[in-house]
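Here's the structure, in structure tokens; my notes come after.
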Amino acid sequence: MNPRRLALAALCLADPAEKAAQARALFAGLDVATIDPAEVFAAPATLPGRPALPRLVPPKDVPMRSPSTLEGRAALLHAVTHIEFNAINLALDAVWRFSAMPVAFYSDWLRVANEEALHFTLLREHLQSIGFDYGQFDAHDGLWAMTQRTAHDITARMALVPRTLEARGLDAAPPMQAKLKQVGDLRAAEILGVILRDEVGHVAIGNHWYRWLCRRDGLDPVALYGELARRYQAPRLRPPFNHTARLAAGFTEAELALLS
């Protein structure tokens, strides 16, 4: 069966553990010869599959999270766990939704889904080890909202999800690691190190395919980015920026200068 069809089936799963397991199994058993880029799928009525909890609220209604207390640390880790759950969904969505791309596009995003599933699993297990679980705290839906807004524009999707929203994780991870180390949660800091390492690769994949699409269509990637950010109401990026990680993920010095 076309792995793109299997990615859609995994995206529809509501149980987080089952979704993560399917994403990992799909990549582990991937035979790129079975990928059919031409197949077009009808979108299910409701995407993505997700559990009843966490309750989704506007970003302004998610309380600030300080790791200085156990519950505050759990809430902080829950927020990252939720991001990783959504990241599984957006990687799987890219695989089934966008047809007529090179086979490498699909294998790249299946690898991303696999790694995001690992991140989600590591974080959820750690949450459980400190007496909490995924779903216990309110969360927001910013990542998936942008995925919906760019559902019919693959260039905008590559510009605004991996290389904008996910790239914020490159900036946020080091200060968060420092806070967690300060309160003695070395395991959480270690997991964030794994996530940061892998997210450099994920953002690089977004950069690669964004530029590939711009070359294909004869577009200037720097000028187009600003236009897409305005058109799709991308959040304004604020410092501090992790310049080292962003360079490793394929941003140019010129692009980083524009951020400043």
Side-chain angles (χ1 to χ4, degrees), residues 3-4 7 10-11 16 19-20 22-28 30 32 35 48 79-98 101-124 142-147 150 154-174 176-177 190-214 221 225 228-229 234-235 237 241-252 255-256 259:
R4 295 179 56 224
L11 179 61
K19 187 193 297 279
Q22 286 296 315
R24 300 204 72 196
L26 183 53
F27 183 71
L30 179 63
V32 294
I35 296 174
V80 184
T81 307
H82 181 67
I83 289 170
E84 297 302 317
F85 177 73
N86 274 282
I88 303 170
N89 287 333
L90 68 89
L92 293 172
D93 190 80
V95 173
W96 80 267
R97 186 177 296 276
F98 299 115
M101 289 292 285
V103 165
F105 174 87
Y106 305 107
S107 60
D108 275 351
W109 287 108
L110 287 169
R111 177 168 75 82
V112 172
N114 166 66
E115 292 175 352
E116 304 291 18
L118 172 63
H119 301 165
F120 171 81
T121 303
L122 291 174
L123 285 163
R124 187 180 190 186
L143 259 180
W144 185 256
M146 182 60 78
T147 304
T150 57
I154 186 174
T155 307
R157 172 71 65 85
M158 294 298 107
L160 302 178
V161 175
R163 68 193 304 273
T164 300
L165 298 183
E166 287 196 279
R168 288 302 286 154
L170 305 181
D171 307 323
M176 198 182 304
Q177 279 182 294
E190 180 183 30
I191 294 169
L192 285 181
V194 172
I195 292 173
L196 177 59
R197 178 200 68 200
D198 292 345
E199 291 296 341
V200 168
H202 302 173
V203 176
I205 286 170
N207 269 319
H208 169 76
W209 289 110
Y210 173 66
R211 294 196 179 103
W212 185 92
L213 289 158
C214 288
Y225 176 79
L228 292 172
L237 300 181
F241 299 110
N242 186 341
H243 285 251
T244 301
R246 283 176 173 267
L247 285 171
F251 287 98
T252 66
E255 287 172 321
L256 293 183
L259 282 178

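What you see below is based on every heavy atom in this structure, not just the backbone, and it leaves out hydrogens, waters and symmetry mates. Here, residue 1 is the first one in the sequence, and each next residue gets the next number.
Under the rule for a ring pair (Phe, Tyr, Trp, His ring centres under 6.0 Å), the partners of Phe120 that lie at least two apart in sequence or sit in another chain are Phe85, Tyr134. Scored by the side chain to side chain donor-acceptor pair (under 3.5 Å) test, Thr164 finds Tyr225 as partners (sequence neighbours excluded). The ring pair (Phe, Tyr, Trp, His ring centres under 6.0 Å) search around Trp144 returns none, not counting sequence neighbours. When the salt bridge (charged side-chain N to carboxylate O under 4.0 Å, His left out) test is applied to Asp108, no partner is found at least two apart in sequence or on another chain.
With hydrogens and angles ignored, the 3.5 Å screen pairs a side-chain donor or acceptor of Lys19 with a backbone N or O of Leu11. A distance-only check finds no donor-acceptor pair linking the side chain of Asn242 to the backbone of Pro174 [under 3.5 Å]. For Tyr106 (side chain) and Met101 (main-chain N/O), a donor-acceptor pair under 3.5 Å exists by modelled atom type.
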Go through it in stages, so that I can follow the logic: the residues are Met176 and Val80, the test is side-chain contact (heavy atoms from CB on, under 4.5 Å), and I'd like the CA-CA distance, side-chain angles, deciding distance and then a yes or no. CA-CA 10 Å; Met176 198 182 304; Val80 184; 3.6 Å; yes
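Summarising the geometry of Pro221 relative to Tyr210, their closest heavy-atom pair is O-OH, 2.5 Å, with the distance given to 0.1 Å. Leu160 approaches Leu228 most closely through the heavy-atom pair CD1-O, 3.6 Å. Across all non-hydrogen atoms, the minimal contact from Ala113 to Ala23 is O-CB, 3.9 Å. Contact record, Val95 with Ala7: CG1-CB, 3.7 Å, taken as the closest heavy-atom pair. Across all their heavy atoms, Ile154 and Phe105 have their closest contact at CD1-CZ, 4.0 Å.
Taking CZ of Arg4 as the reference point, atom CG of Leu26 lies at 12.0 Å (rounded to 0.5 Å).
Judged by distance alone, the side chains of His202 and Glu115 do bring a donor and an acceptor atom under 3.5 Å apart.
For Arg246 and Phe251, the positive end sits near the middle of the six-membered ring, less than 6.0 Å away and at most 45° from its axis.
Evaluation of the salt bridge (charged side-chain N to carboxylate O under 4.0 Å, His left out) test over residues 197-206, restricted to residues two or more places apart or in two chains, returns none. Sorted by first then second residue, the salt bridge (charged side-chain N to carboxylate O under 4.0 Å, His left out) pairs that include residues 154-165, not counting sequence neighbours, are Asp93-Arg157, Arg163-Glu255.
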